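In what follows, residues are counted from 1 in the order of the sequence shown. Fair warning: this is a prediction, and the values are worked out from it, not measured in the lab.
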Amino acid sequence: MISVRVYGILFGENRKVLVSDEFIRGNYYTKFPGGGLEFGEGTRDCLKREFKEEMDLEVKVGDHLYTTDFYQMSAFNPADQILSIYYFAEPLEPIRAPLRETPFDFDEREMKVYEERKETETFRFIDWDLFSEDSVTLPIDKVVAGMLKKMKI
(Lines give C-alpha, C1' and ligand atoms only; values in the text may rest on other atoms or scores of the structure.)
Protein backbone atom coordinates (compact mmCIF):
# COMPACT_ATOMS: atom_id res chain seq x y z
CA MET A 1 0.00 0.00 0.00
CA ILE A 2 1.23 3.50 -0.78
CA SER A 3 0.36 6.27 1.66
CA VAL A 4 0.47 9.78 0.19
CA ARG A 5 1.30 12.55 2.64
CA VAL A 6 1.21 16.30 1.92
CA TYR A 7 3.18 18.83 3.97
CA GLY A 8 3.52 22.60 4.10
CA ILE A 9 6.59 24.75 4.61
CA LEU A 10 5.33 27.87 6.36
CA PHE A 11 7.66 30.69 7.37
CA GLY A 12 6.97 33.16 10.13
CA GLU A 13 8.70 36.44 10.90
CA ASN A 14 12.47 36.47 10.32
CA ARG A 15 12.27 33.19 8.33
CA LYS A 16 11.24 31.11 11.33
CA VAL A 17 10.05 27.67 10.23
CA LEU A 18 6.78 26.21 11.51
CA VAL A 19 6.94 22.63 12.79
CA SER A 20 4.50 20.27 14.43
CA ASP A 21 5.56 18.40 17.57
CA GLU A 22 3.57 15.18 17.76
CA PHE A 23 3.15 12.45 20.35
CA ILE A 24 1.90 9.32 18.55
CA ARG A 25 1.48 5.91 20.21
CA GLY A 26 4.19 6.64 22.77
CA ASN A 27 6.71 8.16 20.35
CA TYR A 28 7.72 11.79 19.79
CA TYR A 29 8.10 13.29 16.29
CA THR A 30 8.87 16.77 15.02
CA LYS A 31 7.71 17.24 11.44
CA PHE A 32 6.33 19.75 9.00
CA PRO A 33 2.58 20.42 9.28
CA GLY A 34 0.37 18.31 7.05
CA GLY A 35 -0.96 14.80 6.75
CA GLY A 36 -2.59 12.12 4.68
CA LEU A 37 -4.25 12.57 1.32
CA GLU A 38 -7.85 11.38 1.33
CA PHE A 39 -9.43 9.53 -1.60
CA GLY A 40 -10.82 11.93 -4.19
CA GLU A 41 -8.80 14.88 -2.88
CA GLY A 42 -6.13 16.89 -4.70
CA THR A 43 -2.80 17.45 -2.98
CA ARG A 44 -3.25 21.21 -2.60
CA ASP A 45 -6.75 20.77 -1.20
CA CYS A 46 -5.34 18.18 1.20
CA LEU A 47 -2.80 20.64 2.54
CA LYS A 48 -5.43 23.36 2.96
CA ARG A 49 -7.66 20.89 4.83
CA GLU A 50 -4.82 19.73 7.09
CA PHE A 51 -3.91 23.29 8.12
CA LYS A 52 -7.59 24.04 8.78
CA GLU A 53 -8.10 20.84 10.83
CA GLU A 54 -4.85 21.01 12.79
CA MET A 55 -4.44 24.77 13.31
CA ASP A 56 -7.80 26.29 12.30
CA LEU A 57 -5.75 28.24 9.76
CA GLU A 58 -6.61 29.18 6.19
CA VAL A 59 -3.52 29.00 3.99
CA LYS A 60 -2.54 29.75 0.43
CA VAL A 61 -0.67 26.80 -1.04
CA GLY A 62 2.29 28.04 -3.03
CA ASP A 63 4.98 26.44 -5.13
CA HIS A 64 5.77 22.76 -5.06
CA LEU A 65 9.11 22.12 -3.35
CA TYR A 66 9.69 18.37 -3.36
CA THR A 67 8.16 14.94 -3.91
CA THR A 68 9.80 11.86 -2.47
CA ASP A 69 12.10 10.23 -5.01
CA PHE A 70 13.28 7.26 -2.97
CA TYR A 71 11.68 4.33 -1.18
CA GLN A 72 10.54 5.14 2.35
CA MET A 73 8.83 2.57 4.53
CA SER A 74 6.15 3.85 6.88
CA ALA A 75 7.21 4.34 10.49
CA PHE A 76 3.80 3.00 11.55
CA ASN A 77 3.20 0.11 9.15
CA PRO A 78 6.12 -1.76 7.53
CA ALA A 79 3.78 -2.93 4.75
CA ASP A 80 3.23 0.69 3.60
CA GLN A 81 5.40 2.90 1.43
CA ILE A 82 5.30 6.66 2.03
CA LEU A 83 5.16 9.19 -0.77
CA SER A 84 5.43 12.75 0.56
CA ILE A 85 4.72 15.96 -1.32
CA TYR A 86 5.89 19.35 0.00
CA TYR A 87 4.58 22.81 -0.87
CA PHE A 88 5.30 26.26 0.44
CA ALA A 89 2.32 27.67 2.35
CA GLU A 90 1.36 31.17 3.47
CA PRO A 91 -1.14 32.01 6.19
CA LEU A 92 -4.15 33.99 4.97
CA GLU A 93 -5.02 35.08 8.50
CA PRO A 94 -3.28 35.46 11.87
CA ILE A 95 -2.32 32.19 13.55
CA ARG A 96 -4.67 31.57 16.47
CA ALA A 97 -3.48 28.10 17.41
CA PRO A 98 -1.30 28.06 20.51
CA LEU A 99 2.38 28.24 19.59
CA ARG A 100 4.92 26.75 21.96
CA GLU A 101 8.47 27.83 22.72
CA THR A 102 9.84 24.39 23.60
CA PRO A 103 9.48 21.00 21.91
CA PHE A 104 6.66 18.67 23.01
CA ASP A 105 5.11 21.20 25.40
CA PHE A 106 1.67 19.57 25.52
CA ASP A 107 -0.95 21.12 27.77
CA GLU A 108 -3.68 19.34 29.70
CA ARG A 109 -6.19 19.55 26.82
CA GLU A 110 -3.70 18.04 24.38
CA MET A 111 -2.89 15.21 26.78
CA LYS A 112 -6.62 14.43 27.05
CA VAL A 113 -6.70 14.19 23.25
CA TYR A 114 -3.75 11.80 23.47
CA GLU A 115 -5.55 9.59 26.01
CA GLU A 116 -8.54 9.34 23.65
CA ARG A 117 -6.79 9.02 20.27
CA LYS A 118 -3.23 7.95 21.19
CA GLU A 119 -1.94 10.98 19.30
CA THR A 120 -1.74 14.73 19.84
CA GLU A 121 0.22 17.65 18.47
CA THR A 122 1.31 21.20 19.08
CA PHE A 123 3.12 23.78 16.97
CA ARG A 124 6.14 26.05 17.26
CA PHE A 125 8.46 28.11 15.14
CA ILE A 126 12.18 27.36 14.94
CA ASP A 127 14.59 30.22 14.28
CA TRP A 128 16.19 29.92 10.85
CA ASP A 129 19.71 29.98 12.32
CA LEU A 130 18.83 27.02 14.57
CA PHE A 131 16.85 25.11 11.96
CA SER A 132 18.57 22.11 10.33
CA GLU A 133 17.99 18.51 9.28
CA ASP A 134 18.30 17.62 12.95
CA SER A 135 15.25 19.79 13.74
CA VAL A 136 12.88 17.21 12.25
CA THR A 137 12.45 13.50 12.89
CA LEU A 138 11.19 11.83 9.74
CA PRO A 139 13.67 10.83 6.99
CA ILE A 140 11.88 12.62 4.15
CA ASP A 141 11.49 15.78 6.25
CA LYS A 142 15.26 15.69 6.83
CA VAL A 143 15.82 15.76 3.04
CA VAL A 144 13.49 18.75 2.72
CA ALA A 145 15.10 20.57 5.66
CA GLY A 146 18.49 20.15 3.98
CA MET A 147 17.06 21.50 0.72
CA LEU A 148 15.60 24.54 2.51
CA LYS A 149 18.89 25.38 4.19
CA LYS A 150 20.65 25.37 0.79
CA MET A 151 18.09 27.76 -0.70
CA LYS A 152 18.38 31.54 -0.60
CA ILE A 153 15.26 32.15 1.46
Side-chain angles (χ1 to χ4, degrees), residues 1-12 15-93 95-100 103-106 110-111 113-114 116-126 128 130-151 153:
M1 173 84 97
I2 294 177
S3 176
V4 178
R5 315 286 295 170
V6 186
Y7 296 103
I9 309 302
L10 189 146
F11 291 103
R15 299 183 311 180
K16 291 181 179 181
V17 181
L18 184 69
V19 296
S20 171
D21 288 319
E22 300 187 12
F23 186 37
I24 303 171
R25 295 180 226 150
N27 295 301
Y28 294 93
Y29 302 90
T30 298
K31 63 178 207 49
F32 293 109
L37 182 73
E38 295 180 356
F39 182 77
E41 183 176 51
T43 56
R44 291 173 178 273
D45 288 336
C46 171
L47 189 57
K48 289 178 185 178
R49 176 184 52 75
E50 288 288 340
F51 269 102
K52 188 65 175 172
E53 286 177 3
E54 294 176 357
M55 296 186 73
D56 192 24
L57 181 66
E58 297 286 343
V59 297
K60 174 185 173 189
V61 177
D63 290 339
H64 172 261
L65 174 63
Y66 179 72
T67 298
T68 310
D69 58 2
F70 58 93
Y71 171 74
Q72 180 61 54
M73 181 179 71
S74 169
F76 302 105
N77 184 351
D80 287 355
Q81 178 176 345
I82 301 297
L83 177 70
S84 294
I85 303 167
Y86 296 78
Y87 293 98
F88 289 102
E90 296 177 36
L92 293 175
E93 58 189 346
I95 295 173
R96 293 180 300 275
L99 296 172
R100 306 296 186 214
F104 310 110
D105 183 16
F106 301 113
E110 290 151 351
M111 290 311 296
V113 169
Y114 179 79
E116 292 171 11
R117 301 182 192 166
K118 296 301 177 213
E119 61 183 61
T120 193
E121 67 187 328
T122 192
F123 300 89
R124 65 187 163 95
F125 280 103
I126 299 176
W128 180 253
L130 300 175
F131 181 75
S132 73
E133 295 172 19
D134 293 333
S135 301
V136 290
T137 308
L138 302 175
I140 306 170
D141 284 3
K142 288 181 179 294
V143 170
V144 172
M147 291 174 64
L148 288 171
K149 288 302 282 193
K150 291 176 186 172
M151 297 174 85
I153 296 174

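- By the ring-ring contact (aromatic ring centres under 6.0 Å, His included) test, Y114 pairs with F23, sequence neighbours left out.
- Aromatic ring centroids of F11 and F131 lie 6.0 Å or more apart.
- One distance of note links OG1 of T68 with OH of Y86; it measures 6.0 Å at 0.5 Å rounding.
- Nearest heavy atom pair, residue S132 against residue A145, reads O-CB, 3.8 Å.
- Between atom NE2 of residue H64 and atom CZ of residue R44 there is a gap of 8.5 Å, rounded to the nearest 0.5 Å.
- Under the 4.5 Å side-chain criterion, counting only non-hydrogen atoms from C-beta, L148 is in contact with F32.
- From I82, atom CD1 reaches atom CE of M1 across 10.5 Å, with rounding to the nearest 0.5 Å.
- Judged by distance alone, the side chain of T120 and the main-chain N or O of V113 form no donor-acceptor pair under 3.5 Å.
- E58 has a carboxylate O that lies under 4.0 Å from a charged side-chain N of K52, or vice versa, which qualifies the two as a salt bridge.
- Distance CD/Q72 to CG/D80: 12.0 Å, rounded to 0.5 Å.
- By the 4.5 Å heavy-atom criterion applied to side chains, L65 and M147 are counted as neighbours.
- Contact of the F51 side chain with the L10 side chain is registered, since non-hydrogen atoms from C-beta on lie closer than 4.5 Å.
- With a 4.5 Å cut-off on side-chain heavy atoms, D105 and R124 do not count as touching.
- In this structure F104 satisfies the side-chain contact (heavy atoms from CB on, under 4.5 Å) test together with D21, Y28, T30, F106, sequence neighbours excluded.
- For the atom pair CD1 (I140) and NZ (K142), the distance works out to 12.5 Å, reported to the nearest 0.5 Å.
- Separation of atoms CD (E133) and OG (S135) is listed at 9.5 Å; rounding is to 0.5 Å.
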